[in-house]
Every structure is written in structure tokens, then in C-alpha cells.
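So that the names make sense, note that chain A is the first sequence line, chain B the second, and so on, each numbered from 1. For clarity, every value in this text was computed on a predicted model and none was experimentally measured.
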Amino acid sequence: MIKRIKGTQDILPETSPQWIALEELIRKTMLVYNFHEMRTPIFEQTQLFARGIGQLTDIVSKEMYTFLDRGKKQLTLKPEMTAPIMRAYIENKLYARAPLNKIYYIAPLFRQENPQAGRLRQFHQFGAESLGTADPLADVEIIDLAMTIFSNVGLKKIDLRINSVGDPKCRTPYKETLKDYIRPRLDQYCEDCQRRYEENPLRVLDCKNDICQQLNQNAPKLNEHLCQDCENHYAKVKETLSALGIPFTEDPYLVRGLDYYTRTVFEITSEALGAQNAICGGGRYDLLAKELDGPDTPAVGFAAGMERLLIAMQQEGIVLKELPRLDVFIVALGEQARNESPRWLKKIRSKGLSAEMDYLGRSIKAQMREANRQKTRFVLLLGENELNQKQFTVKLMDKGEQITVPFDEVISFLKKQIVAD
RNA sequence: GUGAGUGUAGCUCAGUUGGUUAGAGCACCAGAUUGUGGCUCUGGGGGUCGUGGGUUCAAAUCCCAUCACUCACCCCA
């Protein structure tokens, strides 16, 4: 048997309505905030991610699905959406059409990690990006948008954590200060932290290891070493969040994995999830546009995981949409009635009502069972008597009642009944 | 890449110290009701016990290997 690829999922008809409803809710909220959709190709030149996300990140160094096409071009299935959005923004010169572009997306992404709860190799993210503004109010709008979507969905058990990672001007000297602090006791830190010390010293700060946390007690904090501009920016973000009544906690150890982040970073977690409890992450990335050979463009955005969101929703018992009911099932008895059925199906369907018949040659009893299984509202019974008298026997499945309706009145009867529901 | 756990019917799971034809619930099909669903009752179909090897008179059960899945580390949505 050929099986699906590890870390991928089939979304079956029974769960698809939940996806559709969630996507509709996202699109609706995005439009209310005046963000507009962008779709980009599923694959890109590998170079885009290598330069945009950073060579040293886990994503680029070991998680990308990269391959050569027939022309020996190196391609990669996109592992995140910010770099492709920025590439499209630059390539299509959107900056020349409007000073500020507010973009959203819903897209499948690919990372070759070992799967676990809330982590897949093909997964879906939705997100938003404000391209062209350095205003801290834009940071807040992005955070507010993300929180509003989760709130519209009905999620309750979520937490917002924020921090500022500064910019190169203050971050670079801070890294040295931090390394100066760690260096004398480096050998006491865990193996991972000893590696992090070289690759990304900021990561040492959010290590979960108890010993490392002890050692970090008196470590210098980045938000105490911000330059004046970054400090002002961060203060404005916090002040505005408070003004909007958005609850948040400051987490001086919050670090983002991707190189392009500057200043504001944030993460939204759900307690309803397992170890992978982040449903949303984002922040400001003022350096990315230039890194990708575009004009200097300040930007801020977020990305949220659809699967994780759906797990959290399920844990909180949130159901956005049930399987739609079937309006009409035609139960046909005998050859002639069977042959008449497709015409009636077409007529009913043309009025926008969902309709079905039996294609398995089943008995009336089995056909009724099938209609019941599909939670049908109305069964149209068509047998010899009905054909002779030019009328349907209509069974109202919810009430269990049965009435006869002449052929030429049946459409208006059904429409009236279904509107009445 | 590393570690742990789990693989028995479509699904959820029983299966006693190895011992006859491997079970239950749900689902599916049929009958009770020869033109009628849901409830009830009766019956039915469906399993190379993940796979390969070994121990044994005898293996779902014990041993080894292998594969798959799950969770966790790392990292992240």
C-alpha cells in the first residue's frame, strides 16, 4: 500500500468544513483590517531563503526540501512566507505603487523536521505583513490583528508575550556583553547552550534547562541595553497595546529564530497545546528588504499555524461549522422511477438545493437508511403510485411526517420549507 | 539527528502462567416490517495479530531484527 509521506495529513470531508470556516473567518478579519491577499509560488530559488532567513538558522541548514530541476536550478519548497512576500514585493515594485502595502496570505509550507504533536512536514500558515512603515503603531496593528482573529475564532486560553531584540546598532554590542557574562561559566552550561554560545548567544537566555536558567539569573538583559531609538519604539508599542486593552507580558528572554527580526518580536501561545505551544509568532524585520536587494523598507508581520490553531480550537471545544445537511434525497422504486430521478435531481439542484439519489440499486429501506445517514431534510419518494398520480410522497425526516405534493408544486414546496427552517 | 512508547477487524480496544476454531463495543450489510429512516431485537460479512527470522510439541503472547506510527529533545507556526 502506498502511504502518505511522513508528517503530512489528509484533510477528510468530515474535517474540511472546519478548515473552510476558519479560512473564511481569517479572510474576513484581514479585510476588516484592510490587508489584501497575495499568493506566491509553492517553490522558489533556494537562494531566497538562504539569504532571507539566514544560513545559520535550523530552517535553512537542515530543514528545507531542496532539489534540482531538469535545468539544474536549485529550488526549495517554501518553508515560510515572509521571504517570498518580500521577494514578490520587490520584484513587482509594489513600493512604487503605494508607500504602504498591507498583505496577507494563507499558504502550505514545508519543513523536513521530525513530526510530533503540532509539528508537520507540510503545514499551513496564515499571516500578515505591513511593508513600508517603521511606525510602532503598525507593530501594534499587526499584534492586534492576530489577537483579534484568535478572539473571533473563540479561543480563550492564549497568552501574548513581547520583547524587543533591538537593531544591529545595540544588539551587536549587547551580544558581546552577554558572551562576556557567559564565558567564565561556559563549561557549566548544557551542551546545547555551549553550541548556542557561538551560533546565537541570545538563545542561551531562553534555555529550558534548570541549571542554565540558574546561571542566567544575573545575565544582562537585552531590553536594558537598547539604544534610545529602539527603547522609544518599544515603549510606544507597549503603551499602545495597553491603550487598546490588549493584555501582554514582557519576556526579556523571547528570541526569534530567524535572522531578519529587529526591534519588536512577539509570540502567542496556547495552553491547550502540547510541547509545540506557539500558535503565532512575529515581529519587525527592517533589514530584510535590503538583504534581498530591494529598497530599504521597514516591515512588520506575523505568521500563525493553522494546524496548531485547529488543535487548540478542538481542545477548547470550538466548532465553527458542522457537515452541511443534505436537502433532498430521491428514493426511487422501480425502473421507471429510477430513470425519472436524474431529471428531478437536476431541477432541484438548479435551485441551489443539495440533492442526491441512490446509485447502488438499493432497496427502499436501504435508500431511506442512506438518506437518514446523510441527515437529509426531505425524502422524495417516487414509485408506481406517485408516477401514476403525478405527485411525490414527501417525507419530512425531522418530524417523521409524510405528505403528498403534486409534481409541479414540489420545487416551490421545498424552497418554502427550507427557507422556513 | 537523538531518546522513549505503541503496533490485534474500517475505528476504539480486550486477549489470564505460551495451549483448541483470536474476541467485544461502535461502524457496515441483511432480516423482524415483500413501499419507508432514526429506537429495539436477531443474524451476517470482515483479521497474513505491522513485517521477517528464531525458541518451542505449540507463539498475538517469549527472543532478535526491521518497518511504521506517536510523543519528547533540538527548533519552530
*Asks:* Could you work out the separation of rC74(B) and rG3(B) based on their P atoms and round it to a whole Å?
*Replies:* 15 Å
*Asks:* Starting at atom CD of Q116(A), determine the distance to atom P of rU70(B), rounded to an integer number of angstrom.
*Replies:* 11 Å
*Asks:* Given rC73(B), is OP1 or OP2 found less than 4.0 Å from the side-chain N or O atoms of Q276(A)?
*Replies:* yes
*Asks:* When we call it a touch if two heavy atoms are under 4.0 Å apart, what does Q402(A) touch: a base, just sugar-phosphate, or nothing?
*Replies:* base
*Asks:* Across all strands, who's sitting opposite rU20(B) as a Watson-Crick or G-U wobble pair, both distances under 3.5 Å?
*Replies:* none
*Asks:* Scan E307(A) against the nucleic acid and name what it touches under 4.0 Å (heavy atoms): base, sugar-phosphate only, or nothing.
*Replies:* nothing
*Asks:* Quick one: label Q112(A) by what it contacts on the DNA or RNA (base, sugar-phosphate, nothing), any heavy atom closer than 4.0 Å.
*Replies:* nothing
*Asks:* Under a plain distance cut-off of 3.5 Å, with no hydrogens placed, do Q45(A) and Q47(A) share a side-chain donor-acceptor pair?
*Replies:* no
*Asks:* Heavy atoms only, 4.0 Å cut-off, all strands: where does L120(A) land among base, sugar-phosphate and nothing?
*Replies:* base
*Asks:* Does atom NZ of K238(A) have more than 12 heavy-atom neighbours from other groups under 6.0 Å away?
*Replies:* yes
*Asks:* Applying the side-chain contact (heavy atoms from CB on, under 4.5 Å) test to S164(A), which of V237(A), D139(A), L226(A) qualifies?
*Replies:* L226(A)
*Asks:* Any strand is fair game: report the nucleotide pairing with rU56(B) by Watson-Crick or G-U wobble, both distances under 3.5 Å, or none.
*Replies:* none
*Asks:* Count the heavy atoms of every other residue, nucleotide or ligand shown that sit under 6.0 Å from NZ of K290(A), and state whether that count exceeds 12.
*Replies:* no
*Asks:* Considering Watson-Crick and G-U wobble pairs with both distances under 3.5 Å, what does rU48(B) pair with?
*Replies:* none
*Asks:* According to a strict under-4.0 Å criterion, is R196(A) in side-chain N/O contact with OP1 or OP2 of rC75(B)?
*Replies:* yes
*Asks:* Once you apply the 3.5 Å cut-off to both distances, tell me the Watson-Crick or G-U wobble partner of rG37(B), or none.
*Replies:* none
*Asks:* Report yes or no: is there a donor-acceptor pair, N or O only, under 3.5 Å between the side chain of R111(A) and the base of rA77(B)?
*Replies:* yes
*Asks:* Taking only side-chain nitrogens and oxygens of K62(A), does any of them come within less than 4.0 Å of OP1 or OP2 of rC75(B)?
*Replies:* no
*Asks:* So R4(A), base contact, sugar-phosphate only, or nothing? Heavy-atom distance under 4.0 Å.
*Replies:* nothing
*Asks:* What's the closest nucleotide to the side chain of R362(A) if the choices are rU2(B), rC75(B), rC29(B)?
*Replies:* rC29(B)
*Asks:* Can a side-chain donor-acceptor contact be found between H36(A) and N34(A) if the only test is distance below 3.5 angstrom?
*Replies:* yes
*Asks:* Are F266(A) and F248(A) side-chain neighbours, meaning at least one heavy-atom pair lies under 4.5 Å?
*Replies:* no
*Asks:* Could you work out the separation of rC11(B) and rU48(B) based on their P atoms and round it to a whole Å?
*Replies:* 13 Å
*Asks:* Rounding to an integer number of angstrom, what distance separates rU2(B) and rA58(B) when you compare their C1' atoms?
*Replies:* 41 Å
*Asks:* State whether R373(A) places a side-chain N or O below 4.0 Å from either non-bridging phosphate oxygen (OP1 or OP2) of rA27(B).
*Replies:* no
*Asks:* When only distance counts, do a donor and an acceptor, one from the side chain of R256(A) and one from the base of rC75(B), lie under 3.5 Å apart?
*Replies:* no
*Asks:* Could you let me know what rA14(B) is paired to, Watson-Crick or G-U wobble, both distances under 3.5 Å, or none if it's on its own?
*Replies:* none
*Asks:* If we call it a pair only when both distances are under 3.5 Å in a Watson-Crick or G-U wobble match, what pairs with rU2(B)?
*Replies:* rA72(B)
*Asks:* Between R185(A) and Q188(A), do the side chains contain a donor N or O and an acceptor N or O under 3.5 Å apart?
*Replies:* no
*Asks:* Write down the distance separating the P atoms in rG46(B) and rU16(B), rounded off to the nearest Å.
*Replies:* 25 Å
*Asks:* State whether R369(A) places a side-chain N or O below 4.0 Å from either non-bridging phosphate oxygen (OP1 or OP2) of rC28(B).
*Replies:* no
*Asks:* Measure the distance from CG on N372(A) to P on rC39(B) and round it to the nearest whole Å.
*Replies:* 8 Å
*Asks:* What is the ring orientation for Y261(A) with Y285(A), classed by angle as parallel under 30°, tilted 30 to 60°, or perpendicular over 60°?
*Replies:* perpendicular
*Asks:* With rounding to whole Å, what would you report as the distance between rG15(B) and rA9(B) at their P atoms?
*Replies:* 15 Å
*Asks:* Of A278(A) and A117(A), whose nearest nucleotide on RNA chain B comes first from the 5' end?
*Replies:* A117(A)
*Asks:* Considering every strand and a 4.0 Å limit on heavy-atom distances, what is the contact class for G127(A): base, sugar-phosphate, or nothing?
*Replies:* nothing
*Asks:* Pick the nucleotide of RNA chain B nearest each of I268(A) and N385(A); which residue has the one closer to the 5' end?
*Replies:* N385(A)
*Asks:* Going by modelled atom types, is there a donor-acceptor pair between the base of rG35(B) and the side chain of Q367(A) at under 3.5 Å?
*Replies:* no
*Asks:* What integer distance in Å separates F392(A):CZ from rU36(B):P?
*Replies:* 19 Å
*Asks:* Let me know the distance between OH of Y253(A) and C1' of rC76(B), rounded to the nearest Å.
*Replies:* 21 Å
*Asks:* Nearest whole Å is fine: how far is rA68(B) P from K3(A) NZ?
*Replies:* 8 Å
*Asks:* Just the rounded figure in Å: distance from C1' of rG35(B) to NZ of K395(A).
*Replies:* 11 Å
*Asks:* Ignoring hydrogens and geometry beyond distance, is a side-chain donor-acceptor pair present between T40(A) and Y105(A) at under 3.5 Å?
*Replies:* no
*Asks:* Measuring only the C1' atom in each nucleotide, how far is rG25(B) from rU8(B)? A whole number of Å is fine.
*Replies:* 15 Å
*Asks:* Whole angstrom is fine here: how far is it from CZ in F329(A) over to P in rG35(B)?
*Replies:* 17 Å
*Asks:* Over all strands shown, is I279(A) touching base, sugar-phosphate only, or nothing at heavy-atom distances under 4.0 angstrom?
*Replies:* sugar-phosphate
*Asks:* Taking atom C1' in both rG50(B) and rG45(B), compute the distance separating them and give it to the nearest angstrom.
*Replies:* 24 Å
*Asks:* Taking the C1' atom of each, how far is rA27(B) from rU66(B), in whole Å?
*Replies:* 33 Å
*Asks:* Scan D398(A) against the nucleic acid and name what it touches under 4.0 Å (heavy atoms): base, sugar-phosphate only, or nothing.
*Replies:* base
*Asks:* What integer distance in Å separates L396(A):CG from rU36(B):C1'?
*Replies:* 14 Å
